[in-house]
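Reminder, nothing fancy here: chain letters follow the sequence lines and each chain counts from 1.
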Number of protein chains: 2
Amino acid sequence: MVTIALIGYGNLGQHLHAALEVLVDYKVTQICSPSQALETRNGVIYRASTNQLTPVDLYLIAVKDDVIESVSLQLPPDAFLVHTSGAQPLSIIAKQSRRGVLYPLQSFSRDTPVDFKQIPLFIEASNQQDLDVLMNLAKKLSDRVMPLDSKGRFQLQLGGVLVNNFVNHLYCQAADLLAQHQLPFDLLHPLIMETAQKVLRIDPKQAQTGPAKRKDLNTIEAHLAVLTDENQQEIYKLLSRSIGAYDDKKH
Amino acid sequence: MVTIALIGYGNLGQHLHAALEVLVDYKVTQICSPSQALETRNGVIYRASTNQLTPVDLYLIAVKDDVIESVSLQLPPDAFLVHTSGAQPLSIIAKQSRRGVLYPLQSFSRDTPVDFKQIPLFIEASNQQDLDVLMNLAKKLSDRVMPLDSKGRFQLQLGGVLVNNFVNHLYCQAADLLAQHQLPFDLLHPLIMETAQKVLRIDPKQAQTGPAKRKDLNTIEAHLAVLTDENQQEIYKLLSRSIGAYDDKKH
């Protein structure tokens, strides 16, 4: 039985807890979050502060990036500490020699259940023995587990920003364009789904269409002429230029 | 029985044909495309040239935007002509007084079947009687039909460029970032699907996350530092700035 203390109980922490709860051989014994009062529920002790924690085999840190370091400094120096950030290196855990990372490449929402089995997990540890521990755990959580160093993980998270944060911002801009004509955003739902589903089947380079891809300057000019927002114009110009230049580069 | 000649037999034309084939009271009697030899299959006459067409009740034009006008000039002046473009106004059909538009807001791929019932259709016609004809047809094809003028349709198509062409380009850029570290693009599939599915449930403004949204300048700087491509840097900067400024504006 591997005992686990879960530190941080936001979106990721809660989803991790749900995924860990169903595993045999692993037991979340303590959950630590400033919002938690000291009490025991379903055999788990909830604690408001890290200095109330009693020793466990693995400390799983699911807090915001900018407090990982300070949280790690409050934990025992001989403990195995694992953070869950895509952007932070293994070395952000400075004091403990037994460091690890378990990074789930997904965006978590409070009220949406996730199937952890489908989420790619990337692991890293400061020694082979701890990497094996993480690998065993990760394989029980997900069907897709890959050891990856901090540099690769950071690149992956950057890719995630593009396909999640930036894509969602384009959804926002499109919603605003439609709202100008009293058109509801859900008219775009089928196109949004088709666009996403298509790149599950074919390479995004093959899936590219549209006026910029066709170098259809008349339509591009006409689109720019109806964009009243300067920022939207800039986005339209830059992305159209980038699409137009994309095929010319070596890919 | 409304007889239809389908002009243009690319991705859209073929999907339209499949959707029309199952309707009672409507019959595609002729299909015209330069790539077609003169022959009859399943009761449909295929023709290579518009001047071989015999009169029908409705001419459905599914050709590229820049040839709609020239195709329409080759057709009878008293005929009812309907084009299928989001970007072109009703008036692009210059000679005929009976003009119409039937615009499906979707991206069509050759080998992917579509459920036309789910695709929003936007219709426009130069007189009420023809609008009724189009409305009847459109309602049989799709569960979501809306009359919309050329200006509104153009805005909608512009929104479609954002959530389809631009989003797909971001997928391309993310694929390239991963490839730099020999990471396969399909690692991003679950995140891509979650991002798309989330805005089917909640407003994209509510769904926005990430470093730019949090105004996390450290992560933004770190991301920019690993981007080696100047164009990718520009896209990252502009979209991050736009996300950061978005909440400050009145929305």
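Between chain B and the residues A:Ala222, A:Ala179, A:Ala87, the largest count of heavy-atom pairs under 4.5 Å involves A:Ala222. Note: A:Gln208 leads A:Glu234, A:Gln208, A:Gln88 in heavy-atom pairs under 4.5 Å with chain B. Ranked by heavy-atom pairs under 4.5 Å with chain A, the first of B:Gln182, B:Arg144, B:Met146, B:Gln173 is B:Arg144. Contact count versus chain B (heavy atoms, under 4.5 Å) is highest, among A:Gly159, A:Pro120, A:Cys172, for A:Cys172. Among the candidates A:Met193, A:Gln180, A:Gln118, A:Gln157, the residue making the largest number of heavy-atom pairs closer than 4.5 Å to chain B is A:Met193. Here B:Leu191 is the residue among B:Leu239, B:Asp115, B:Leu191, B:Leu162 with the most heavy-atom pairs under 4.5 Å with chain A. Most heavy-atom pairs under 4.5 Å with chain B: of the set A:Ala196, A:Ser109, A:Ala212, this distinction falls to A:Ala196. For the set A:Leu158, A:Asn231, A:Leu188, the entry with the most heavy-atom pairs within less than 4.5 Å of chain B is A:Leu158.
Proximity to chain B involves both the backbone and the side chain of A:Ser240, based on heavy atoms less than 4.5 angstrom apart. For A:Asp186, the parts lying near chain B are the backbone and the side chain together; criterion is any non-hydrogen pair under 4.5 Å. Within the 4.5 angstrom heavy-atom criterion, atoms from both the backbone and the side chain of B:Asn164 approach chain A. For A:Asn11, no part lies near chain B; criterion is any non-hydrogen pair under 4.5 Å. Only the side chain of B:Phe185 comes within contact range of chain A, with at least one heavy atom under 4.5 Å from a heavy atom of that chain. Within the 4.5 angstrom heavy-atom criterion, no atom of B:Asp149 approaches chain A. Contacts between B:Arg214 and chain A at a heavy-atom distance below 4.5 Å are absent for every atom of the residue. For a residue to count as touching a neighbouring chain, one of its non-hydrogen atoms must lie under 4.5 Å from one of that chain's; by this rule A:Val161 touches chain B with the side chain only. Neither the backbone nor the side chain of B:Ile202 has a heavy atom closer than 4.5 Å to any heavy atom of chain A. For B:Phe122, the part lying near chain A is the side chain, with the backbone staying farther off; criterion is any non-hydrogen pair under 4.5 Å. The contact between B:Ala175 and chain A is made entirely by side chain atoms (from C-beta outward), counting heavy-atom distances below 4.5 Å. With a 4.5 Å cut-off on non-hydrogen atoms, A:Pro184 touches chain B through its side chain but not through its backbone. Interface residue A:Leu170: backbone and side-chain heavy atoms are both found under 4.5 Å from chain B.
A donor-acceptor contact under 3.5 angstrom links the side chains of A:Gln128 and A:Asp132, judged on distance only. Side chain to side chain, B:His169 and A:Tyr246 fail the donor-acceptor criterion of an N or O pair below 3.5 Å. With 3.5 Å as the limit, one finds no donor-acceptor pair spanning the side chains of A:Thr112 and B:Lys198.
Taking the six-membered ring wherever Trp is involved, the centroid distance between the rings of A:His83 and A:Tyr103 does not fall below 6.0 Å.
Checking each of A:Phe116, A:Tyr9, A:Phe108 against A:His17 for a ring-ring contact (aromatic ring centres under 6.0 Å, His included) leaves exactly one that passes, namely A:Tyr9.
Rounding to the nearest 0.5 Å places CD of B:Gln155 at 3.5 Å from NE2 of A:His181.
Distance alone, capped at 3.5 Å, is enough to place a donor-acceptor pair between the A:Thr84 side chain and the A:Ile61 backbone.
Looking at A:Asn168 and B:Val199, their side chains come closer than 4.5 Å, going by heavy atoms from C-beta outward.
For B:Asp247 and B:Lys213, the salt-bridge test passes: some basic side-chain N is under 4.0 Å from an acidic carboxylate O. Salt-bridge check for B:Glu194 with B:Arg201: passed, with a basic side-chain N closer than 4.0 Å to an acidic carboxylate O.
The neighbour count for B:Lys64 NZ, taken as heavy atoms of other residues, nucleotides or ligands under 6.0 Å away, does not exceed 12.
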